[in-house]
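Numbering of ligands and ligand atoms starts at 1, following listing order.
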Amino acid sequence: MTTADLIVIGAGPGGYDVAAARARAGERVILIDYAFPGGTCLNRGCIPTKCLAASSEAAIQARNAAALGVSVGEVMIDYTAVVHRMESVVEGLRDGVRALIAPCTFVYGQARILPDGTVGVGDQVFTAPKVLIATGSAPAALNIPGADLTINSDGVLQLEELPRSMAIIGAGVIGMEFASIMNGFGVEVTVIEYLKEVLPPFDKEISKRLRTMLTRRGVKFVLDAAVTAVTADNEGVRTVSYDGKKGPETLQADTVVMAVGRRPVVPEGLAEAGIETDRRGYIVTDARMRTTRPGFYAVGDCNGRLQLAHAATAQARVALGEDVNLDAIPAAVFTCPEAAMVGLTTEQAQAQGVNFRTAKALYSANGKAQASGQADGLVKVLYAPDTRRLLGCHIVGAHASDLIAEAALAVSLGLSLDALTTITVHSHPSLSELIASFR
Ligand code: NAD
């Protein structure tokens with residue numbers, strides 16, 4: 001049996017960051033994973049999709065370059081080169097993670113929790129006063145006939161060539177990102193969504209505006225429709241059947257992507273060790289990420305709180321005793337243009353009976369947005385009528401994922417819209433002026 005100060009199971013953003021920090025601080029840290037360090041985020045999620053998004057956006061900008069007086073001729077996609085670039089960016093960042101976790105003892109293998117609270121990997125056994133479970137999630141699939149004829153987000157990232165057409169089941173974050181990316185590459189994209197609007201967790205006005213922008217670029221949306229089956233003909237063309245507003249309908253596509261959410265991945269042996277999971281399989285935790293067994297913590301996708309890489313990292317720091325505010329975590333979707341949010345949406349504020357007002361700033365009124373040909377976008381804020389305290393900020397438009405950081409700080413500190421313009425000054429011309437335009 002090997003004794004350490006901390007055992008971390010899962011080397012994704014929920015695991016590797018705190019493991020490395022603790023090891024650098026002199027603790028004996030055992031970090032366990034059966035795959036490349038970096039987790040879903042680096043290997044099959046955030047980073048590779050952002051590489052594809054960047055290539056796709058370059059194609060979109062090249063097509064629009066004539067509007068800025070630049071002629072580039074016909075835009076061609078060399079998808080092999082796109083994929084090579086994605087792989088080399090991921091490989092480079094893997095080197096970075098490997099260097100970061102070098103002070104940890106990395107154990108390659110599948111960890112299981114043993115009933116006595118030790119951790120087994122093969123025939124090795126480890127023990128520590130603190131065990132952090134950060135085992136993540138995996139794509140979920142609808143239980144429908146022909147589900148095996150679809151690919152999930154992992155499959156999209158493994159495509160070696162672009163299909164002519166793609167149907168995407170689910171207009172959540174993954175569905176919308178791939179819809180935007182593939183449309184930029186010239187793929188005919190149709191998104192089929194069960195709900196009446198895309199991007200369920202976002203403010204409806206932002207979701208609708210993003211959908212309208214992507215529709216103008218040629219993405220087709222079928223809303224309020226439940227996919228019931230997928231079939232394939234002899235040439236491999238898929239037919240997607242769905243119950244839509246007008247009853248049963250079908251559409252055809254070369255590739256069908258299932259993007260209907262993710263399910264938890266957890267180590268074996270939880271129940272026997274007294275670590276409870278909920279009915280969906282997520283590990284039950286309290287506000288400090290403690291599980292039902294003392295000394296065991298669960299962070300990130302596997303606890304079902306918020307499936308975002310940066311939330312996992314922040315939760316891990318809380319689990320290890322740091323004071324990190326988890327109440328104002330921003331979220332972003334890397335479509336073109338991006339959308340981002342922090343704090344309350346209009347729908348949440350209404351449901352919670354919160355007294356609020358809204359204000360909006362249009363990208364079209366911002367000098368930098370106009371100058372750079374990115375004038376289609378919107379910043380919407382929710383604020384308290386009496387104190388003008390910022391309650392929520394919602395952005396659709398260029399660089400939304402970067403702009404949201406300042407709003408997140410303001411929501412976290414309980415700042416008013418006025419404080420955003422008095423405690424600092426924003427450079428001109430810049431998109432950051434949008435956040436400071438609510439005087
Ligand atoms: P999601 O839960 O965000 O969206 C799934 C969508 O599928 C929902 O809109 C749902 O209504 C729809 N759906 C379910 N059943 C359906 C059916 N039968 N027919 C049609 N539509 C159906 O899930 P996701 O997009 O797969 O993403 C998974 C998780 O990964 C999310 O929690 C997300 O936050 C996270 N993620 C985040 C980022 C980011 O931060 N940029 C990127 C990728 C993934």
Side-chain angles (χ1 to χ4, degrees), residues 12-14 39-54 136-147 150-157 167-181 190-202 204 207-208 210-211 221-230 240-245 248-251 256-265 280 282 300-314 329-342 395-396 400-402 404 408:
T40 299
C41 168
L42 176 53
N43 297 299
R44 298 174 301 283
C46 319
I47 301 301
T49 52
K50 263 77 274 175
C51 292
L52 294 186
S137 64
L142 294 176
N143 188 11
I144 52 168
T150 69
I151 57 172
N152 56 32
S153 53
D154 297 352
V156 178
L157 295 172
I168 301 176
I169 307 173
V173 183
I174 292 181
M176 291 298 281
E177 286 186 359
F178 282 135
S180 176
I181 289 167
T190 308
V191 185
I192 311 156
E193 166 58 44
Y194 184 72
L195 300 173
K196 289 188 169 60
E197 189 50 271
V198 302
L199 273 189
F202 277 65
K204 287 266 174 308
S207 305
K208 185 176 175 194
L210 178 62
R211 175 170 56 80
F221 290 95
V222 182
L223 302 177
D224 209 356
V227 173
T228 51
V230 181
V240 181
S241 305
Y242 59 92
D243 282 328
K245 285 184 213 158
E249 289 193 66
T250 59
L251 65 86
V256 181
V257 177
M258 184 84 82
V260 295
R262 297 178 64 87
R263 60 179 171 77
V265 172
R280 299 167 308 156
Y282 290 103
D301 287 13
C302 70
N303 71 16
R305 285 169 177 268
L306 196 54
Q307 293 190 328
L308 297 171
H310 49 280
T313 310
I329 296 182
V333 46
F334 295 85
T335 42
C336 180
E338 297 173 352
M341 62 168 283
V342 67
I395 309 175
V396 57
S401 67
D402 297 310
I404 204 68

*Does an N or O anywhere in A226 fall below 3.5 Å from an N or O of ligand 1?*
no
*Determine whether any heavy atom of A259 lies closer than 4.0 Å to an atom of ligand 1.*
yes
*Report the part of P201 (side chain from C-beta onward, or backbone N, CA, C, O) that has a heavy atom under 4.0 Å from ligand 1; answer both or neither where that applies.*
neither
*Mark the output for A140 as yes if a heavy-atom distance to ligand 1 is under 4.0 Å, and as no if none is.*
no
*Check the pair L157, L52 against side chain to side chain contact (heavy atoms under 4.5 Å, CB included), reporting the backbone distance first and the verdict last.*
CA-CA 9 Å; L157 295 172; L52 294 186; 3.7 Å; yes
_Donor-acceptor under 3.5 Å (T313 side chain, A309 main chain)_ = yes
*Part of E177 with heavy atoms under 4.0 Å of ligand 1, whether side chain, backbone, both or neither*: side chain
*asked:* Taking 4.0 Å as the limit for heavy-atom contacts, which would you say applies to A332 with ligand 1: side chain only, backbone only, both, or neither?
replied: backbone
*asked:* Can you tell me which portion of L308 lies within the under-4.0 Å heavy-atom range of ligand 1? Options are side chain, backbone, both, or neither.
replied: side chain
*Out of G172, P200, G261, whose heavy atom sits nearest atom 26 (O) of ligand 1?*
G261
*For atom NZ of K208, is the number of surrounding heavy atoms from other residues, nucleotides or ligands below 6.0 Å larger than 12?*
no
*Between K50, M176, E197, Q307, flag the one that comes closest to atom 32 (O) of ligand 1 by a heavy atom.*
Q307
*Would you sort out whether F202 and V333 count as a side chain to side chain contact (heavy atoms under 4.5 Å, CB included), showing the intermediate values?*
CA-CA 10 Å; F202 277 65; V333 46; 3.9 Å; yes
*Proximity to ligand 1 by part of V198, non-hydrogen separation under 4.0 Å*: neither
_Residue selection (non-hydrogen contact nearest atom 42 (C) of ligand 1) among V173, T228, I168_ = V173
*Output yes when the distance from some N or O of ligand 1 to some N or O of I174 is under 3.5 Å, and no in every other case.*
yes
*asked:* On a heavy-atom basis, which atom in E193 and which in G172 lie closest, and how many Å separate them?
replied: OE1-N, 4.2 Å
